[in-house]
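Below is one structure, written out as structure tokens; comments come after it.
Start at 1 with the first residue, then count along the sequence.
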Amino acid sequence: MTLFPFSAVVGQDELKLALLLVAVDPAIGGVLIRGQKGSGKTTLARGLAALLPGSAPFVELPVGATEDRLVGTIDLAAALTEGQRRFEPGLLFDAHGGVLYVDEVNLLPDHLVDVLLDVAASGVNVVEREGISHSHPSRFVLAGSMNPEEGDLRPQLLDRFGLAVEVVASSDPALRAEAVRRRLAFDADPGAFVASWAEAEEGLRSRLEATRLGVVPDPLVYQVSRLCASVGAEGLRADLTICRAAAALAGWEGRDEATVEDVRRVAPLALAHRRRRSPLEDGGISPEEVAQGLAQDEPSDAGEQTAQPDRPSAVVPLAARTSPLPAPAPGRRTTVEGRRGRLVGDRPVDGPVQSVAVGATIRAAAARGGHVVERSDLREAIREQRAANLVIFVVDASGSMGAPRRMEAAKGAVLSLLLDAYQRRDLVALVTFRGDDAQVILRPTGSVEVARARLEELPTGGRTPLAAGLLAGLDLARSPGRASTHRPLLVLLTDGRATAAPDGANPVDAARTAADSVRRAGVSAVVVDAEDGPMRLGLASQLAGAMGARYLTLPELSAGALDDAIRTGLPSVGP
């Protein structure tokens, strides 16, 4: 396949630099590329592989990959035909000496991201499973890309990426036009286009091969640590990454020793993603902050080096909340059995086999003394994956009294729950109903950025199609692909009134039928009674009974009160 040349990509200078530095020293820990689709992320990652020595592989890890496919497993053919347990390499073996690219890394299961980052840092893949212990070199340039609108990585995983770059398509018409011209020329005649950039590519290739890491002098190490402390970077990964990246930059530019200017250039790439502890905080770090951190006086003697550095400014914590139940711990979820996830055991087959535990099956056949696997030898793999919640708000946006307050409470609760989803895998959705129908305002997402954009203005007014709202929420709860990974909780904000239904049906009867559908589907639900005023009809309570839902009254309906109420309905976190 003919690849678009690395050097022919227009702009994206920061991303190019980050990829080249990690190619010089993979111990930097990989590059996280955050940005919109169509901004050249994959093109540059592929182009980098073509610059590496030899026939460097470019390996792409699909989001649906299993742990076996990533790290390797037992050779099934050898086990069945020769009775031998032999290691079958995975993608980490294939990527050795090249580039391992993970698109939508934020959607990859956390345990696979952990494995990737461990191997990227150590350069060795160690596999101990199915009775096999095996290790092999696995040194590669790790590049992970993501669209922030689809949810973020947990801070613990963000911190383990060495460098991070925000990429956007240029707003300069001249640059955009030049990028389009080059792409059209490549598509029209790939061979001729690549040949026209051959000299530039060979120059980069030779330069990479000749680059040797520079030395970071002790005074500069101290300045790096002062910088990291001054901006509140936690742990020492930022310090190490900046020193390694500065050494790589010095070597890339043909110098034996790194300088303050090298640190100034690489520090934003190493610090921006480590400062962002909440999606409501702005990422990035300004040149002024870097300059100020580096301008601190250097120590005059060893005694000064032991003095306490300036106290870093506190990172804004996620807001603490009071609730009858403790809030789930960030990053810790109960585990459920599923088709994907970590292999934790096996069991005899009883019915259709979803996933064969190869090693256990071979051992069962060997114990029986057979040379061919029989049905009785089959063992099914037991895998565990972390469970998460899908909270679906169904909110009455009709013209009844109190509608604006309901909408503000719902918006506040959505954003509040998404602050925790940022550190876990929870999703939140919002359905509103008004007039004659319901509308899905926010499809299931873990992204605060998406939610804030969708929730800016929510119209209210009109009749109350309660049945339509319930059925739209139920459809989201039963959406294909989410049932096994996200446990739905439907949260209905209503006063219980229903004044509209399709096809001339009785609105109240249609609402009760929809409520019964929720109950029969086994979807957990909470009804929040938003009825106000001196005359109360109690319709929401009756609706909760028909839904099999928990019933709550919130005399002072607010974002905080609703948020606390929802948390009591979420499943508790296991050990």
Side-chain angles (χ1 to χ4, degrees), residues 390-407 409-411 413-414 428-444 458-480 482-483 487-555 557 562 565-566 568-569:
L390 168 58
V391 182
I392 304 166
F393 290 88
V394 180
V395 184
D396 179 358
S398 67
S400 59
M401 292 178 61
R405 189 172 62 172
R406 284 197 299 273
M407 301 309 298
K411 288 193 286 187
V414 165
V428 176
L430 175 63
V431 174
T432 63
F433 55 95
R434 59 185 289 269
D436 296 316
D437 206 353
Q439 183 179 6
V440 179
I441 300 295
L442 182 67
R443 299 201 67 81
L458 295 177
T460 60
R463 298 191 299 170
T464 312
L466 178 54
L470 283 171
L471 293 177
L474 182 58
D475 285 344
L476 286 178
R478 297 189 297 191
S479 57
R482 302 209 186 274
R487 295 167 298 189
L489 174 68
L490 193 151
V491 181
L492 175 64
L493 272 73
T494 180
D495 57 11
R497 291 182 174 87
T499 61
D503 301 326
N506 182 285
V508 175
D509 291 343
R512 289 186 177 276
T513 300
D516 185 60
S517 297
V518 173
R519 179 185 58 78
R520 287 186 286 105
V523 174
S524 298
V526 175
V527 173
V528 181
D529 191 347
E531 188 175 30
D532 54 10
M535 298 295 294
R536 296 179 178 271
L537 302 178
L539 298 177
S541 175
Q542 299 173 28
L543 193 67
M547 290 174 63
R550 184 177 176 206
Y551 172 72
L552 297 174
T553 58
L554 295 179
L557 185 59
L562 179 59
I566 301 314
T568 66

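The side chain to side chain contact (heavy atoms under 4.5 Å, CB included) test with Asp495 is passed by exactly one of Asp396, Thr464, Val528: Asp396. Here the rule is side chain to side chain contact (heavy atoms under 4.5 Å, CB included) with Met547, and of Val523, Leu490, Val526 only Leu490 fits it. Applying side chain to side chain contact (heavy atoms under 4.5 Å, CB included) to Arg443 and the options Leu430, Leu476, Val431 leaves one that passes, Leu476.
Judged as a salt bridge (charged side-chain N to carboxylate O under 4.0 Å, His left out), the pairs with a partner in residues 428-440 (not counting sequence neighbours) are, in order, Asp436-Arg463. Legend: salt bridge (charged side-chain N to carboxylate O under 4.0 Å, His left out) pairs involving residues 517-528, not counting sequence neighbours, sorted by first then second residue: Asp516-Arg519, Asp516-Arg520.
Between Ala467 and Ala514, the shortest heavy-atom contact is O-CB, 3.9 Å. Scanning all heavy atoms of the two residues, the minimum distance from Gly462 to Ser398 falls at O-CB, 3.4 Å. Looking at every heavy atom in both residues, Val527 comes nearest to Ala540 through CG1-O, 3.7 Å. Considering all non-hydrogen atoms of both residues, Ala472 and Ala438 come closest at CB-CB, 4.0 Å. Nearest heavy-atom pair, Ala477 versus Pro488, reported as atom, atom and distance to 0.1 Å: CB-CB, 3.7 Å. Closest approach of Ala544 to Tyr551, counting heavy atoms only: CB-CB, 3.9 Å.
Every residue two or more places apart in sequence or in another chain that forms a side-chain contact (heavy atoms from CB on, under 4.5 Å) with Leu539 is listed here: Arg497, Leu537, Gln542.
Note that the OG1 atom of Thr432 and the CG atom of Leu493 stand 12.0 Å from one another [nearest 0.5 Å]. Taken from CZ in Phe433 to CG in Leu471, the straight-line distance is 11.0 Å, to the nearest 0.5 Å. Of the inter-residue distances, the one linking Leu466 atom CG with Thr494 atom OG1 reads 5.0 Å to the nearest 0.5 angstrom. Here the CD1 atom belonging to Ile441 is positioned 14.0 Å from the CZ atom belonging to Phe393, to the nearest 0.5 angstrom. The structure places OG of Ser541 at 7.5 Å from CG of Asp529, a figure rounded to the nearest 0.5 Å. Atom CG in Asp475 sits 10.0 Å away from atom OG in Ser517 (nearest 0.5 Å).
Counting only heavy atoms from C-beta outward, the side chains of Leu492 and Leu543 approach each other to under 4.5 Å.
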